[in-house]
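The structure appears below as structure tokens.
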Amino acid sequence: MADVIVIGSGVSGLTTAVRLAETGRKVVIWTAQPPHRTTSAAAGAIWGPYLVEPWDRVLEWSRQSLIEFRKLAEDPRTGVRMTTGIEASRRPMAEPPWASLVPNMERWGDLPNGFVDGFRYTVPVIDMPVYLSYLHQRLVTAGGTIEIRPVHTLEEAPVAEAVVNCSGLGAKELVPDHDLRPIRGEIVIIKNPGIDEFFSEDTGLSAELCCIYPHGSTAVLGGTAEDNDLGGGRNANRARSIVARCAAVIPAIADAQVIDHRVGFRPTRPSVRVQETAVSAGARLIHNYGHGGAGVTLSWGCAEAVSRIIDDPN
């Protein structure tokens, strides 16, 4: 019998399971999809709190995750790299509200054409397929397991000390939580034409993003953020638009070979939910979902918060 059942194998579920398993608990993940088929596998991904609340908790969760990612970046097998780059804007921009967590941030004037303001700094950039595989192996090493076992009601899993709901967008029906909505995202993976710094445009609330994240031999181009859109699979026109936007910043991208094209749905709600409730059979139920586009950024901080909840019998 498991001590803890974690529902969901995306980055939040895997990270939470690793954190709990490494404290000596017997942890099992129940999931409808293996990690490489979750929305997390389609993430960019770069560390940075992105349109999530409540801000005081988000800032602390982000800080804790940043500490962990800096350690992980020392091992190339994790897929995590500390990468320097630029966030730029076509209008004057304020310093990001999380700037205090990034000590080398500076306002930057050497910007691509059309941009008038920006900051240069160093943060983790994460190759998600590699990173999810790393987390999976780390879970196995700690004695945890993953079972492909779709969960239809939370009452299915009251046989453990605790159940941790990391079902992401699935929580909309599973809880149910009608505050959840999908924000559809697409990215394009190219053969890296020599890019070694990230680039991100501050596009505000636009559905059309422009970001470039190098991962050694490949680079991720993004993207889209289409609110409340469950519009299915890959869209070739959107992919061409993503490449064109990024090529306007770095022209070499225009001729780069396209390797892959991924789609995911960010599980978004007015605030991240990390909270204990109870199911009818009396088991402890801890929710950890609703991270929107900041699931990676918050992953270790939220996993630590879940662990503390479980450690507190009250």
Side-chain angles (χ1 to χ4, degrees), residues 1-21 23 25-35 37-41 43 52-54 57-58 61 65 132 135-136 139 144-183 264-313:
M1 182 182 298
D3 297 324
V4 181
I5 294 172
V6 175
I7 301 172
S9 66
V11 70
S12 295
L14 272 174
T15 308
T16 300
V18 167
R19 176 68 182 83
L20 296 174
T23 64
R25 293 182 172 90
K26 184 177 180 181
V27 179
V28 178
I29 292 178
W30 287 2
T31 178
Q33 301 284 355
R37 295 187 62 185
T38 63
T39 279
S40 295
V52 278
E53 296 289 344
R57 300 185 76 190
V58 163
W61 291 332
S65 296
L132 293 173
L135 286 178
H136 186 182
L139 174 64
T145 58
I146 294 180
E147 296 181 10
I148 304 302
R149 181 171 176 170
V151 178
H152 304 290
T153 68
L154 291 171
E155 283 73 16
E156 290 178 37
V159 293
E161 171 192 350
V163 176
V164 184
N165 173 26
C166 299
S167 59
L169 197 59
K172 186 175 182 67
E173 302 299 329
L174 190 62
V175 172
D177 185 338
H178 301 298
D179 286 334
L180 267 172
R181 70 187 195 279
I183 295 185
F265 301 90
R266 305 172 182 95
T268 305
R269 69 193 304 274
S271 63
V272 177
R273 190 178 189 191
V274 178
Q275 176 188 30
E276 180 173 3
T277 59
V279 294
S280 59
R284 299 184 71 185
L285 172 63
I286 298 98
H287 297 288
N288 179 16
Y289 67 87
H291 308 90
V296 176
T297 299
L298 304 180
S299 56
W300 287 101
C302 288
E304 177 62 25
V306 169
S307 181
R308 289 179 179 175
I309 290 172
I310 293 177
D311 285 341
D312 183 358

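Small disclaimer: the values here were computed from a predicted structure and weren't measured. These numbers come from the heavy atoms of this one structure, side chains and all, not from hydrogens, waters or symmetry mates.
Considering all non-hydrogen atoms of both residues, Ala294 and Val52 come closest at CB-CG2, 4.0 Å. His287 and Thr277 get closest at one heavy-atom pair: NE2-OG1, 3.2 Å. Residue Arg273 comes nearest to Val175 through the heavy atom pair NH1-CG1, 3.7 Å, listed as atom of the first residue, atom of the second, then distance. Pro267 approaches Gly168 most closely through the heavy-atom pair CB-C, 3.7 Å. For the residue pair Gly295 and Ser12, the shortest heavy atom distance occurs at O-OG, 4.4 Å. Nearest approach of Pro35 to Ile146, heavy atoms of both residues: CG-CD1, 3.9 Å.
The side chain to side chain donor-acceptor pair (under 3.5 Å) search around Arg57 returns none, not counting sequence neighbours. Contacts of Ser9 classified as side chain to side chain donor-acceptor pair (under 3.5 Å), with partners at least two apart in sequence or in another chain: Thr31. Every residue two or more places apart in sequence or in another chain that forms a side chain to side chain donor-acceptor pair (under 3.5 Å) with Glu147 is listed here: Trp30.
Formation of a donor-acceptor pair under 3.5 Å by the Thr15 side chain with backbone atoms of Trp300 is not found in this model. When atom types are taken as modelled, the side chain of Arg269 and the backbone of Tyr289 share no donor-acceptor pair closer than 3.5 angstrom. Thr16 places no side-chain N or O within 3.5 Å of a backbone atom of Gly13 that could act as its donor or acceptor partner. Between the side chain of Ser40 and the backbone N or O of Gly10 there is no donor-acceptor pair closer than 3.5 Å. A donor-acceptor pair is defined here as one N or O able to donate and one able to accept, closer than 3.5 Å; such a pair exists between the side chain of Ser65 and the backbone of Gly301.
Electrostatic pairing of Arg19 and Glu304 counts as a salt bridge here, judged by a charged N lying under 4.0 Å from a carboxylate O. Between Asp311 and Arg25, at least one side-chain nitrogen of the basic residue sits less than 4.0 Å from a carboxylate oxygen of the acidic one, meeting the salt-bridge criterion.
The structure places CG of Asp177 at 9.5 Å from CG of Asn165, a figure rounded to the nearest 0.5 Å. The distance from atom CG of Leu174 to atom OG1 of Thr153, rounded to the nearest 0.5 Å, is 7.5 Å. Of the inter-residue distances, the one linking Glu276 atom CD with Ile286 atom CD1 reads 5.0 Å to the nearest 0.5 angstrom. The structure places OG1 of Thr39 at 9.5 Å from CZ of Arg266, a figure rounded to the nearest 0.5 Å. Atom CG of Leu180 is separated from atom OG1 of Thr268 by 8.0 Å, given to the nearest 0.5 angstrom. Taking CZ from Arg149 and CD1 from Ile7, the interatomic distance works out to 10.0 Å, rounded to the nearest 0.5 Å.
With contacts defined as side-chain heavy-atom distances shorter than 4.5 Å, the pair Ile310/Val164 qualifies. Ile29 is listed as a side-chain neighbour of Leu139, based on a closest heavy-atom distance under 4.5 Å.
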Q: With side-chain contact (heavy atoms from CB on, under 4.5 Å) as the test, would you mind laying out the steps for Val274 and Ile309 before giving the verdict?
A: CA-CA 9 Å; Val274 178; Ile309 290 172; 4.2 Å; yes
Q: Run the numbers on Asp3 and Val27 for side-chain contact (heavy atoms from CB on, under 4.5 Å), then give the verdict.
A: CA-CA 6 Å; Asp3 297 324; Val27 179; over 6 Å; no
